[in-house]
Participant: 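A single structure is presented below for examination.
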2 protein chains.
Amino acid sequence: MSRRSDDDLARAWHELMSRYHRVSCVLDRALQSTHGISGSEFAVLEQLAETRPDNTLRMHDLGEHAHVTQSALSRLVARLEADGLVHRQMCVDDRRSVWARLTPAGLDLYRAARPTQREVLRTEGGDCLAAVGSAFVATGALAR
Amino acid sequence: MSRRSDDDLARAWHELMSRYHRVSCVLDRALQSTHGISGSEFAVLEQLAETRPDNTLRMHDLGEHAHVTQSALSRLVARLEADGLVHRQMCVDDRRSVWARLTPAGLDLYRAARPTQREVLRTEGGDCLAAVGSAFVATGALAR
DNA sequence: GAGCAATCTATGCACCTGCATCTAATGCGT
DNA sequence: ACGCATTAGATGCAGGTGCATAGATTGCTC
């Protein structure tokens, strides 16, 4: 691996960081000011809202696709529960686990916040994010 | 803008988040355990190390290409100075400004840490990050 | 079924971040 | 020279995050 390509890689990474942080920041502010939730919280609400049939997921499964650590997720869901957006309940078949279920209020908030998120992605991310995102997936860039 | 393409956009964004956070997390841990600095700190050291001729930048200019707020940068540089990696000095021509200059120790640490960062980018980012990164830039995805 | 490793969630702790604000210094218009 | 808006950086504060660990429960092995 040549020094040159390493530097190219570093430049690409730096560029990605800049763009990612900007979009992420705009998204956070939009969701926070309009609906009082953070981007991470929105992601969790979305995950639950897309879960059939009852908008319920074990904490551990929720963590599988989350972008935060287990401890952060635990507190994040605790916040959502305190706000009445999510209900936590002990798993009957495995009492170590906890079910997180979206409340009606949580579903309402998600549905209200989704257009905000989508608009930011359109405005900040641009139409081509989808294509590039697909390219990311297709090429396996950043892949494990 | 159709609902379908909005959802594609959201999926692409979610995918990007996953990959970005994973690489970012691995990078942070590698730099922290091996050299005792965070990814943000490395980025600042790199910015200064690449500045000719004297590895010196005004705080404000340093912030131009940083991925953190002004307040975070102020504290970040304060930490680097406490560790002897950076020296802060009042600007003579504009006494509001502050020069941040990389110390020899800071340059040494950057040079030692760079291979670690490059290796993580190669391993985690994969060879294709460079190509995809360029695609990002070329297509203007995530662009302002 | 007793012992023990593994799994799942919660929490103490330290640290980093952003927001709002403060102080200091500069530039500008009169 | 004066007043005032602007700019640069530092800091109080509240809040979110990761790491390490604790507490509870389950599964596995003998």
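Below, read A as the first sequence line, B as the second, and so on, with proteins coming before strands; counting in each chain starts at 1. Everything quoted here is computed from the prediction, not taken from an experiment.
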Participant: To the nearest Å, give me how far apart CG (A/L62) and C1' (C/dC8) are.
Facilitator: 13 Å

Participant: Answer whether the closest heavy-atom distance between the side chains of A/S18 and A/R22 falls below 4.5 Å.
Facilitator: no

Participant: I'd like to check A/Y20 versus B/H21 (side-chain heavy atoms, cut-off strictly below 4.5 Å). Are they in contact?
Facilitator: yes

Participant: Does anything in residues 75-91 of chain B pair up under side-chain hydrogen bond (donor to acceptor under 3.5 Å, both in side chains), and if so which pairs, sequence neighbours excluded?
Facilitator: B/E41-B/R79, B/E81-B/R88

Participant: In whole angstroms, how far is the P atom of D/dG16 from the CG atom of A/L73?
Facilitator: 14 Å

Participant: I'd like a table of atom pairs between the protein and nucleotides 19-23 of chain D - only N or O on both sides, under 3.5 Å - with the distance next to each one.
Facilitator:
residue, atom, partner, partner atom, Å
D/dC19, OP1, B/R29, NH1, 2.9
D/dC19, OP2, B/R29, NH1, 3.3
D/dC19, N4, A/S71, OG, 3.0

Participant: Using atom CG of B/L76 as one end and atom P of D/dA10 as the other, report the distance to the nearest whole Å.
Facilitator: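 To the nearest whole Å, that distance equals 12 Å.
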
Participant: Side chains of B/L102 and B/V86, heavy atoms from C-beta outward: is any pair under 4.5 Å?
Facilitator: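 Of all side-chain heavy-atom pairs linking B/V86 with B/L102, at least one is under 4.5 Å.
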
Participant: Which residues in residues 33-61 of chain A have at least one heavy atom lying under 4.0 Å from any atom of DNA chain C?
Facilitator: A/R58, A/M59, A/H60

Participant: Mind checking what makes side-chain contact (heavy atoms from CB on, under 4.5 Å) contact with A/Q32, not counting sequence neighbours?
Facilitator: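 Partners of A/Q32 by the side-chain contact (heavy atoms from CB on, under 4.5 Å) criterion, ordered by chain and then number, come out as A/S38.
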
Participant: Within a strict 4.5 Å, meaning less than it, do heavy atoms of the B/V92 and B/W99 side chains meet?
Facilitator: yes

Participant: Is any side-chain heavy atom of A/R19 closer than 4.5 Å to one of A/E15?
Facilitator: yes

Participant: Under a 4.5 Å cut-off applied to non-hydrogen side-chain atoms, are A/W13 and B/V23 in contact?
Facilitator: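 In contact.
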
Participant: Any residue in residues 79-102 of chain A with a heavy atom nearer than 4.0 angstrom to DNA chain C? Just list them by number, or reply none.
Facilitator: A/R88, A/R96, A/S97, A/V98

Participant: In whole angstrom, give the distance that lies between atom NE2 of B/H21 and atom C1' of D/dG16.
Facilitator: 12 Å

Participant: With a 4.5 Å limit on heavy-atom distance, are the side chains of B/V120 and B/Q117 in contact?
Facilitator: no

Participant: Taking ring pair (Phe, Tyr, Trp, His ring centres under 6.0 Å) as the definition, give me every residue that meets it alongside A/H14, ordered by chain and number, with sequence neighbours left out.
Facilitator: B/H67

